[in-house]
Colleague: 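Take a look at this one; I'll ask things after.
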Amino acid sequence: MQKVWLLCVDWDESLPDDIISLWADWCEEVPQLTDFSIPRCYFFDPLVNNFKTLELHLFSDDSTKAYGTVAYLRVTSSNKEILTPFVASKNRIAPLKTLTLPRLELMGALLSARLSNNILKAISLASFGQIRK
């Protein structure tokens with residue numbers, strides 16, 4: 001999409017062959033996502049219900065094309081078993097205006113901060129008193 005925006009192609013114009021090829025490649029990969037699943041029952045697992053520590057970890061990264069963040073819980077039980085379920089992720093396409101990589105890193109960090117606030121509100125982890133940001 002970013003390449004299409006940069007070319008200033010009107011809605012009724014045909015796209016260049018290289019963009020059509022990229023789109024066709026993407027469409028061929030989409031069916032592979034049907035076998036992909038992420039378990040989301042965080043608090044039904046006995047390990048999570050009998051936790052010693054519960055932490056929310058977020059990681060962000062950027063490139064000149066996009067930036068994003070991913071969140072995991074890190075649960076440690078009293079017998080030192082560790083579980084790290086995926087919680088959520090967010091990504092954004094980099095703006096058309098060229099930004100420096102440090103600026104994009106800051107935008108990824110801001111996305112992480114906002115996602116962590118939303119996660120804490122949604123599953124009320126702050127009330128456990130054992131969350132470390």
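Just so you know, these numbers come straight off a predicted model, no measurement behind them.
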Colleague: With side-chain contact (heavy atoms from CB on, under 4.5 Å) as the test, would you mind laying out the steps for L56 and L120 before giving the verdict?
Modeller: CA-CA 9 Å; L56 180 61; L120 291 172; 4.1 Å; yes
Colleague: Quick one: CG on N79 to NZ on K52, what's the gap to the nearest 0.5 Å?
Modeller: 10.0 Å
Colleague: For side-chain contact (heavy atoms from CB on, under 4.5 Å), just list the numbers for L99 and M107, CA-CA rounded to whole Å, side-chain angles, deciding distance to a tenth of an Å, and then say yes or no.
Modeller: CA-CA 10 Å; L99 299 177; M107 292 175 75; 3.6 Å; yes
Colleague: Do L106 and L115 belong to the same hydrophobic cluster, where Ile, Leu, Val, Met, Phe, Trp and Tyr are linked whenever their side-chain heavy atoms lie under 4.5 Å apart, directly or via other members?
Modeller: no
Colleague: Tell me, with the steps shown, if I93 and K65 meet side-chain contact (heavy atoms from CB on, under 4.5 Å).
Modeller: CA-CA 6 Å; I93 296 172; K65 295 181 181 182; over 6 Å; no
Colleague: Would R114 and S116 count as a side chain to side chain donor-acceptor pair (under 3.5 Å) if you check the C-alpha gap in whole Å, the side-chain angles of each, and the deciding distance to 0.1 Å?
Modeller: CA-CA 5 Å; R114 289 179 175 164; S116 69; over 6 Å; no
Colleague: Taking all heavy atoms of S14 and all of V9, pick out the closest pair and write down the distance.
Modeller: O-CG1, 4.2 Å
Colleague: Using modelled atom types only, decide if a donor and an acceptor are shared between the side chain of T76 and the backbone of K80 within a distance under 3.5 Å.
Modeller: no
Colleague: Rounded at 0.5 Å granularity, tell me how far CG in L7 sits from CD1 in I19.
Modeller: 5.0 Å
Colleague: Can a side-chain donor-acceptor contact be found between S112 and T69 if the only test is distance below 3.5 angstrom?
Modeller: yes
Colleague: Looking at D10, I'd like to know if its CG atom is crowded, meaning that more than 12 non-hydrogen atoms belonging to other residues, nucleotides or ligands lie closer than 6.0 Å.
Modeller: yes
Colleague: So how far is it from T100 OG1 to E105 CD, rounded to the nearest 0.5 Å?
Modeller: 9.5 Å
Colleague: To the nearest 0.5 Å, what is the distance between CZ on R92 and CG on L110?
Modeller: 9.5 Å
Colleague: Can you tell me how far the CG atom of L101 sits from the OG atom of S63, to the nearest 0.5 Å?
Modeller: 8.0 Å
Colleague: Looking only at non-hydrogen atoms, find the nearest pair between F86 and Y72 and report the distance.
Modeller: CA-CD2, 3.5 Å
Colleague: Rounded to the nearest 0.5 Å, how far does CG of L111 lie from CG of L104?
Modeller: 11.5 Å
Colleague: Please walk me through it: do W26 and E28 pass side-chain contact (heavy atoms from CB on, under 4.5 Å)?
Modeller: CA-CA 5 Å; W26 184 81; E28 287 178 14; over 6 Å; no
